[in-house]
Amino acid sequence: MTDELFTISTLIGILHSCVRLATPYLFASLGETFGQRSGVLNLGVDGIMLMGAFFAFYVVFEGHNLWVGVLAAIVVGMLMGLLKAFVSVTMQALQGISGIGLYLFGLGLSSLLFKTLIGSVEGVSGFRQVGIPFVSDLPGIGHIFFNHNALVYLAYIMVPVSWFVINRTTLGLKIRAVGHNPEAADTLGVSVNGVRYATMMIGGALAGVAGASLSIGLQNVFQENMTNGLGFIAVALVYFGSWRTVGVLAGSLLFSLVNALQLWVQALGIPVPSEVAVMMPYVMTIVVLAFTARQIQKPAALARSYERGE
Amino acid sequence: MLRRISLLTLVLLFLLAACGRSDRDADANTEGTNEEPFRVAIVLPSSTTDIAWSQSMFDSLKDVQASMGGEEALRIAFSEGMFRVTDASAAIRDYASEGFDLVIAHGAQYGNSVFEVASDFPETSFAWGTSSDTGAERGITNVFAYGAAANEGGYVNGVVASMLTQSEIVGVIGPVAGDAKLYIDGFIRGVTGVKPDAQVNVTYTGSFSDTSLAAEAAHVHIQAGADVLTGSAQQVVGAIGVASENGIPWLGTQSDQISLGPEVVVTNQVYDWANVIDDMIAKISADEFGGTAYTLTFENGGLRLEFNEAIDIPDDVKDAARAAIEDIKSGAVEQFSDE
């Protein structure tokens, strides 16, 4: 039976699953990277994802275009980010606690809206798998990378885009400055709070799309608490990736690869207890974290609020 | 300082908003009538709309309420999403002290809490499941227990799967190993009873609510050649979405799942708890507060197999399913050992 795992078609299947599974993690953890690079820890990602998932689903459920659904998720995500920024930046709340508050708020509100506006679990027709012309016909690679739905492609496009914004633009320079030394940035005329508001809204928008990728991309359904803590793993992946976009990409892919692998191991009837299989991604995460824990890139002002003149 | 206080208020507001989702008295606005309504409180591990375990009980309660004459006759209070046993335990105690006639703890994980509270409130009835333990051995007389012979519907769905599959590979998406074992064992028996060479691939996600992983598991099964799928717990909503997208037949269990995949859900094993609830209410009204263990079966009408009327199911498949149900009722199918 173990031989089956190493056949070409199974390996292609595993990698194809891996690329797809990484989608929500990528959106959410790239968004969280923006926030953390500017010095704001947002533990509320899961709550924002739930709100994004709900609104994207609701808009599509009401008969609107899928991209209008994505737009709704972006707008709701930005509003949630704005709320987080108000509490953490303007009101200077402890970032960890207020993030948990935001999570519970998103969890509760999305459930309440779902109960009142929809009432029962329904399906919609979401983004379909679309092969990219020519490249999707390439043997192996074509299926693995170029046979997914639009939101999967978008998630991977966001990796270089995020890298570019953080490392090659003025806004990115300000974000990094504010995250490392807000006092110095302030004396140079950078609005610390302004930048942090911006990163919270960017992060919120991406978390919203992460939610949409579940409700109108990968599952085409909305259920209460459907993210099931995925947003918290996304926060961990930012640490895992040492606050770099490439690191976040690697973390998302590795975590998803092990998840895909364990599903295949079970489906092929390879005699590994399912409890062990299910544990694999988490064990892997801890092991990698233990060996690669580098704090070099960690924003010095992470989770510290900034008040002028202190 | 002012900032901190206003901040604290905000956080509290968040928490309040979050708490709003549970602990709601569904029928709080009932107008008072002369006759006291029967009052039932229920604690559910997941949502009342999980299209699985919790919804099956909640829908049955609503049915009983309707047949008894509405809110004047039966009042229902519920707490959903009580996946943390400590929260559930507190809710059970609250309902008991508020004087509800019957407090239902809808999860095997709530057993210890039920017995603990039941011994403090001997005048209140409690019910819990999945279990057959009414606490009689401990001298407790006010607890009912209930469960479903999920293996029976599993067997029938297995027979249906064996007739629908062309590839002779069938995929099963389970939550946590052990919990869904009864259904899955019955299902495998049904498939291999008709087609001994058919292959049943079983995956567990390790969670009741991980819809993402369940969805991916459905993709994996399809790529591994499965052309009929089934699964259990509220996580399956993700998997049914994937089955719909790929036009793969899905066999449902616990609650009515047709709305999620109107074109692919072929059959549903539905848990109907109405008879159990009716019987408990009758017993409590006659001052019998517990001691009975119920099991839903095809024989007693607690299990029902529903066909999706909207799709064209071949007659021989329907006939085979009906025959399997009759075989179970008549005992022609050898008794399921771990019932």
Side-chain angles (χ1 to χ4, degrees), chain A residues 9-10 13-14 16-17 20-21 24 86-87 91-94 97-98 100-109 111-112 114-115 118-123 125-126 128-129 214 218-230 259-260 262-264 266-269 273-275 277-279, chain B residues 3-4 6-8 10-22 46-51 55 80-81 171 174 176-177 199-207 209-217 219-221 223-224 226 234-235 237-242 244-245 257 259-262:
Chain A
S9 68
T10 304
I14 292 171
H16 185 242
S17 290
R20 178 174 42 221
L21 267 176
F86 175 72
V87 175
M91 308 304 285
Q92 300 190 359
L94 278 178
I97 302 289
S98 63
I100 297 289
L102 190 73
Y103 157 63
L104 291 172
F105 177 68
L107 173 66
L109 190 58
S111 299
L112 188 65
F114 168 69
K115 282 265 161 72
I118 301 178
S120 65
V121 180
E122 305 280 346
S125 180
R128 296 256 157 185
Q129 202 163 298
L214 295 175
L218 300 174
Q219 300 177 23
N220 304 332
V221 69
F222 181 84
Q223 195 184 35
E224 291 166 64
N225 196 19
M226 72 184 292
T227 53
N228 196 40
L230 200 152
N259 247 327
Q262 63 103 345
L263 285 176
W264 274 93
Q266 293 190 60
L268 295 176
S274 68
E275 290 85 352
V278 165
M279 258 189 323
Chain B
R3 273 187 167 171
R4 309 278 157 183
S6 45
L7 160 80
L8 196 66
L10 257 175
V11 171
L12 282 174
L13 272 175
F14 281 165
L15 290 171
L16 276 177
C19 293
R21 56 193 275 277
S22 63
S46 49
S47 157
T48 55
T49 54
D50 70 352
I51 69 156
Q55 186 167 357
E80 57 184 331
V176 177
Q199 188 182 330
V200 183
N201 294 336
V202 182
T203 57
Y204 290 97
T205 58
S207 158
S209 51
D210 196 335
T211 53
S212 298
L213 213 53
E216 195 54 43
H219 278 297
V220 168
H221 280 303
Q223 286 194 49
Q234 67 267 30
Q235 56 156 352
V237 295
I240 299 174
V242 172
S244 294
E245 195 187 320
Q257 301 174 341
S259 66
L260 255 183

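These numbers come from the heavy atoms of this one structure, side chains and all, not from hydrogens, waters or symmetry mates. Convention: sequence-line order gives letters A, B, ...; per-chain numbering from 1. In this text, all values refer to a predicted model and were calculated from it rather than measured experimentally.
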Interface moiety of A:Glu122 toward chain B, non-hydrogen atoms closer than 4.5 Å: both
Pick from B:Val242, B:Thr205, B:Ile51, B:Ile240 with the largest number of heavy-atom pairs that fall under 4.5 Å of chain A: B:Thr205
When B:Gly238, B:Ala215, B:Gly241 are compared by non-hydrogen pairs under 4.5 Å with chain A, the top option: B:Gly238
Residues that A:His16 engages under ring pair (Phe, Tyr, Trp, His ring centres under 6.0 Å), provided they are two or more places apart: A:His143, A:His148
Heavy-atom proximity to chain B below 4.5 Å, by part of A:Leu230: side chain
Pairwise distance OG(B:Ser207) to CD(B:Gln234) - rounded to 0.5 angstrom: 7.5 Å
Distance (rounded to the nearest 0.5 Å) between A:Leu263 CG and B:Thr203 OG1: 6.0 Å
Residue, of B:Gly171, B:Ser46, B:Ala224, that accumulates the most heavy atom pairs under 4.5 Å with chain A: B:Ala224
Proximal component of A:Val221, with respect to chain B [non-hydrogen, under 4.5 Å]: side chain
Most contacts with chain A, counted as non-hydrogen pairs under 4.5 angstrom, among B:His221, B:Glu245, B:His219: B:His219
Main-chain N/O of A:Ser274 paired to A:Gln266 side chain as donor or acceptor, under 3.5 Å: no
Selection from A:Thr227, A:Leu21, A:Asn259 maximising heavy-atom pairs under 4.5 Å formed with chain B: A:Leu21
Interatomic spacing from CD in B:Gln223 to CD1 in A:Ile14 - rounded to 0.5 Å: 10.0 Å
Pick from B:Thr48, B:Leu260, B:Asp50 with the largest number of heavy-atom pairs that fall under 4.5 Å of chain A: B:Leu260
Residues which pass side-chain contact (heavy atoms from CB on, under 4.5 Å) with A:Ser17, listed by chain and number, not counting sequence neighbours: A:Arg20, A:Ala260, A:Trp264, B:Glu216, B:Val220
Contact origin within A:Phe114 toward chain B - heavy atom pairs under 4.5 Å: side chain
Chain B contact via A:Leu214 - side chain, backbone, both or neither, heavy atoms under 4.5 Å: side chain
Option that, when pairs with chain A are counted at under 4.5 Å, heavy atom only, ranks first among B:Ala217, B:Gly206, B:Ser212, B:Pro262: B:Ser212
Non-hydrogen side-chain atoms of B:Ser209 and A:Gln223 separated by less than 4.5 Å: no
A:Leu218 and A:Pro24, any side-chain heavy atoms less than 4.5 Å apart: yes
